[in-house]
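What follows is a short report on a single structure.
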Amino acid sequence: MAAAPPPSATFFDHVYAVVRRVPRGRVTTYGAVAQMLGRPRGARAVGYALNALKDHGDDSAYGDVPWQRVINAQGRISIVNRAFDAAEQAARLRAEGVAVDDTLRIDLDRFGWDGLDWAEVAAIIGRR
DNA sequence: ACAGTGACAACAT
DNA sequence: TATGTTGCCACTG
């Protein structure tokens, strides 16, 4: 398991580590992930990190990242402009029991993930 | 080292 | 409520 990247790991790697901890059937937001990693305003970087997963398509180490479980703060699938990917994200989520609205909206009160606690995050980013 | 870029978020109209 | 603008952060060339 590669859950705890070394301190030299980039922010992207930290993002992947956190997303891999999101339970099946649950979702979280870009902002929440960023905040867990100590970047309350780094939501955009989180989205960029997940986007970069495509560049590692062949690498299985990145293939197990459940990117579909990360949505925006409004509880919606945020890649609407890329209809193909949005549809796939919705399909993947429904496949694991998450109710996705016709407008690609999800009830965060029902499916939202609590997130990692202090110690879990420390193990990932290697800080305290 | 610098500017451009992007699966976000918050605020203003 | 809906649309537009501004601030953020980290990676790439």
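We name chains A, B, ... by the order of the sequence lines, and we start the count at 1 in each one.
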* Is there a donor-acceptor pair closer than 3.5 Å between any side-chain N or O of A/R94 and the backbone N or O of A/V100? -> yes
* Asked: Between A/R20 and A/V65, is there a donor-acceptor pair closer than 3.5 Å when you use the side chain of the first and the backbone of the second?
  ->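 Flag not set: sc A/R20 to bb A/V65 has no pair under 3.5 Å.
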Between [N] atom [atom2] and [X] atom [atom1], what is the distance in whole Å?
X	N	atom1	atom2	answer
A/N72	B/dG6	CG	P	18 Å
A/I106	B/dA7	CD1	P	18 Å
A/Q74	B/dC11	CD	P	13 Å
A/K54	C/dC11	NZ	P	17 Å

* To do: Please determine, for the side chain of A/F12, which listed nucleotide (B/dA7, B/dA9, C/dC11) has the closest atom?
  => C/dC11
* Asked: What nucleotide among B/dA7, B/dC8, C/dC11 has an atom nearest to a side-chain atom of A/F11?
  ->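 Out of B/dA7, B/dC8, C/dC11, the nucleotide with an atom closest to A/F11's side chain is C/dC11.
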* **Pairwise side-chain contact, A/V70 with A/T29, heavy-atom cut-off 4.5 Å (strictly under)** => no
* To do: In plain terms, say whether A/E96 and A/R69 are close enough for a salt bridge, that is, a side-chain N and a carboxylate O under 4.0 Å apart.
  => yes
* To do: List the protein contact pattern of nucleotides 2-8 of chain C with one symbol per nucleotide (5' to 3'): B for base contact, S for sugar-phosphate-only contact, - for none; contact means a heavy-atom distance under 4.0 Å.
  => -----BB
* To do: Look at the side-chain N and O atoms of A/T10 and state whether any lies under 4.0 Å from the OP1 or OP2 oxygen of C/dC11.
  =>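 Yes, because at least one side-chain N or O of A/T10 sits under 4.0 Å from OP1 or OP2 of C/dC11.
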* Heavy-atom closest contact (A/G25 atom, A/F111 atom, distance) -> O-CD2, 3.7 Å
